[in-house]
Amino acid sequence: MEKIKMTTPLVEMDGDEMTRVIWKMIKEILLLPYIDLKTEYYDLGLEKRNETNDQITIDSANATKKYGVAVKCATITPNSQRMEEFDLKEMWKSPNATIRAILDGTVFRAPIIVKGIEPLVPSWKKPIIIARHAYGDVYKGVEDIVAEDEKAELVITGKNGERRHLIHNFKNSGGIIQGQHNTEASIESFAHSCFCYALEVKFDLWFATKDTISKKYDHRFKDVFDELYETAYKNLFKEAGIEYFYTLIDDAVARVMRSDGGFIWACKNYDGDVMSDMVATAFGSLGMMTSVLVSRGGAYEYEAAHGTVTRHYYKHLKGEETSTNSVATLFAWTGALYKRGELDGNMELTIFALNLEKAAKETIEDGIMTGDLYSISTLPQKVKVNTEEFLVKVGERLQEIMEKQ
């Protein structure tokens, strides 16, 4: 079988630990036998980020702007323990946060639904898509430790002088402080993306913050969504037969748990981070969720919505067998390949991506799955396989699908 040609490269962002191992397996078992794969490669492993003073992360984001489509492996965001483990020059920021800040867009995360993996919430019958704002807030925060008898102020300097707000006077005890920000342009881009995506998939759109407490910061998000909806999207939503509404984040959580799914839940950056993990786990596994960053400039970055699976990686290093779910990482590749094919008019590539997704789902529905799914699957006949065996089985199913076509 002649390999599928690519005319434009993908930006390939390699990662860390067990997901890096899986990344290599996916390419060798499922992609390179079928595709003349063209990528512009960036190693975002923690060692390389440290070596380049994180410049490689910035370069990968700018390359994504240039080529329009990227696929990213999970990466370590270092803490103090990782600082010591990797002998880092400094505690580098989240590479995801850096990339998202440069691209400025919205992350859409949706569960990968297969037969035999029932949601932990019995009422959920349809997908719940998390739309996560991808710029600012805690991920661009500036923070410090405050000593006793110091005070912290919010100072805004402009052409008309300064405005000062006392945050706290640490008279009797030291403490901690963090400053957050967002931009009007990024909030508007977030809102536009959510409204457009809702119209595309014909799902209701919910937006939730805590504007009753954060009467200026969160309230501005609410106002932007309301203003854009009234001026640009209300009639379009009515014609499409879908609804937009705002609710408090705590009320949204209660509504979500009682719902049957079938909507987009738009959240600020940190809220979306937490809620997407909750939704993914409740639908079955963090390894069963797609994630794509859509930038306002028209670039797409596909990734797995989970971490680097550290515990399995250390087992792997000891030569022990692992049974790590690779589906989210695989779907990052298929999403990027599909989008690359769509943008380039390369039908062969888009069909291949769809076939590979079909092969992965059918493999699980045949009862062949990794340990996380095995423990929750309701299928009467099921087999737990190791990390590589699962990908080999997907490859066998893919071959069958392609031969039939």
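Side chains included, hydrogens not; waters and symmetry mates left out as well; all remaining heavy atoms used. What you see is a predicted model; the values in this text were computed from it and never measured.
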Look at atom [atom1] of [X] and say whether more than 12 heavy atoms of other residues, nucleotides or ligands are closer to it than 6.0 Å.
X    : atom1 : answer
M347 : CE    : no
I156 : CD1   : yes
E388 : CD    : no
L120 : CG    : yes
K48  : NZ    : no
K358 : NZ    : no
Q381 : CD    : no
E90  : CD    : yes

- Item | Trace of the ring-ring contact (aromatic ring centres under 6.0 Å, His included) decision for H181 with Y217 | CA-CA 8 Å; H181 81 278; Y217 197 105; 8.6 Å; no
About how many Å separate [atom2] of [Y] and [atom1] of [X], when rounded to the nearest 0.5 Å?
X    : Y    : atom1 : atom2 : answer
W23  : L330 : CH2   : CG    : 10.5 Å
K315 : T324 : NZ    : OG1   : 8.0 Å
I167 : I177 : CD1   : CD1   : 3.5 Å
E396 : L391 : CD    : CG    : 11.5 Å
Q55  : T98  : CD    : OG1   : 10.5 Å
M83  : L46  : CE    : CG    : 10.0 Å

- How far apart are the C-alpha atoms of K222 and D218, what are their side-chain angles, what is the distance that settles it, and do they pass the salt bridge (Lys or Arg N to Asp or Glu O under 4.0 Å) test? CA-CA 7 Å; K222 176 182 182 295; D218 279 25; over 6 Å; no
No-hydrogen, no-angle side-chain donor-acceptor test under 3.5 Å, [X] and [Y]:
X    : Y    : result
T310 : E17  : yes
T8   : D344 : yes
T363 : D366 : no

For the residue pair [X] and [Y], establish whether any side-chain heavy-atom pair is separated by less than 4.5 Å.
X    : Y    : result
E320 : Y314 : no
V11  : V69  : no
K384 : M369 : no
T75  : M13  : no
R109 : L293 : no

- Message: Set out, in order, the CA-CA distance, both residues' side-chain angles and the distance that settles side-chain hydrogen bond (donor to acceptor under 3.5 Å, both in side chains) for E150 and N169, then state yes or no.
- Response: CA-CA 6 Å; E150 292 183 331; N169 195 337; over 6 Å; no
- Query: Do you know which of D14, D16, D43 makes salt bridge (charged side-chain N to carboxylate O under 4.0 Å, His left out) with R49?
  - Reply: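 When salt bridge (charged side-chain N to carboxylate O under 4.0 Å, His left out) is applied between R49 and each of D14, D16, D43, only D16 qualifies.
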Do [X] and [Y] have ring centres separated by under 6.0 Å?
X    : Y    : result
H168 : F170 : yes
F352 : Y34  : yes
Y302 : W333 : no
Y246 : F225 : no
F237 : Y229 : yes

Measure from the side-chain N and O atoms of [X] to the backbone N and O of [Y], and report whether any donor-acceptor pair falls under 3.5 Å.
X    : Y    : value
S214 : K210 : no
D137 : Q180 : no
S326 : T329 : no
T290 : A110 : yes
W124 : V256 : yes
N386 : E389 : yes
S323 : G371 : yes

- Task: Measure from NZ or CZ of K339 to the centre of the six-membered ring of Y300 and say whether it is under 6.0 Å with the direction within 45° of the ring axis.
- Result: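 Judged by the rule, K339 and Y300 form a cation-pi pair.
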- Could R132 and Y139 be counted as a cation-pi pair, given that NZ or CZ must be under 6.0 Å from the ring centre and within 45° of the axis?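 Yes, R132 and Y139 form such a contact.
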Positive for side chain to side chain contact (heavy atoms under 4.5 Å, CB included) with [X], one of [options]:
X    : options                : answer
T209 : R220, H219, K268       : K268
I117 : D372, L373, L379       : L373
F207 : F195, F190, W265, F245 : F190

- Task: Show your working on side-chain hydrogen bond (donor to acceptor under 3.5 Å, both in side chains) between Y42 and E12 and close with a plain yes or no.
- Result: CA-CA 6 Å; Y42 293 86; E12 178 186 352; over 6 Å; no
- Item | Nearest atoms (heavy-atom pairs only) where H306 meets A74 |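 Heavy-atom minimum between the residues: O-CB, 3.5 Å.
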- Provide the closest heavy-atom pair for K115 versus E365 in the form atom of the first, atom of the second, distance.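 What the structure gives for the nearest pair is N-OE2, 3.0 Å.
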- Item | Intermediate values then yes/no, side-chain hydrogen bond (donor to acceptor under 3.5 Å, both in side chains), E342 and T350 | CA-CA 6 Å; E342 183 182 59; T350 59; over 6 Å; no
- Task: Dump the intermediate steps for side chain to side chain contact (heavy atoms under 4.5 Å, CB included) on V107 and V294, then the final yes or no.
- Result: CA-CA 6 Å; V107 177; V294 182; over 6 Å; no
- Task: Show your reasoning for whether side chain to side chain contact (heavy atoms under 4.5 Å, CB included) applies to I102 and N62.
- Result: CA-CA 8 Å; I102 292 170; N62 288 327; 3.7 Å; yes
- Message: Before you tell me yes or no, could you show the steps for N53 and K89 under side chain to side chain contact (heavy atoms under 4.5 Å, CB included), namely the whole-Å CA-CA distance, both residues' side-chain angles and the distance that decides it to 0.1 Å?
- Response: CA-CA 8 Å; N53 296 320; K89 299 173 187 176; 3.1 Å; yes
- Message: Show, in sequence, the C-alpha distance, side-chain angles and deciding distance for D260 and S123, and conclude whether the side-chain hydrogen bond (donor to acceptor under 3.5 Å, both in side chains) test is met.
- Response: CA-CA 5 Å; D260 63 353; S123 64; over 6 Å; no
- Only counting residues at least two apart or in another chain, list the ones meeting salt bridge (charged side-chain N to carboxylate O under 4.0 Å, His left out) with K93.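 K93 satisfies salt bridge (charged side-chain N to carboxylate O under 4.0 Å, His left out) with no residue once adjacent residues are dropped.
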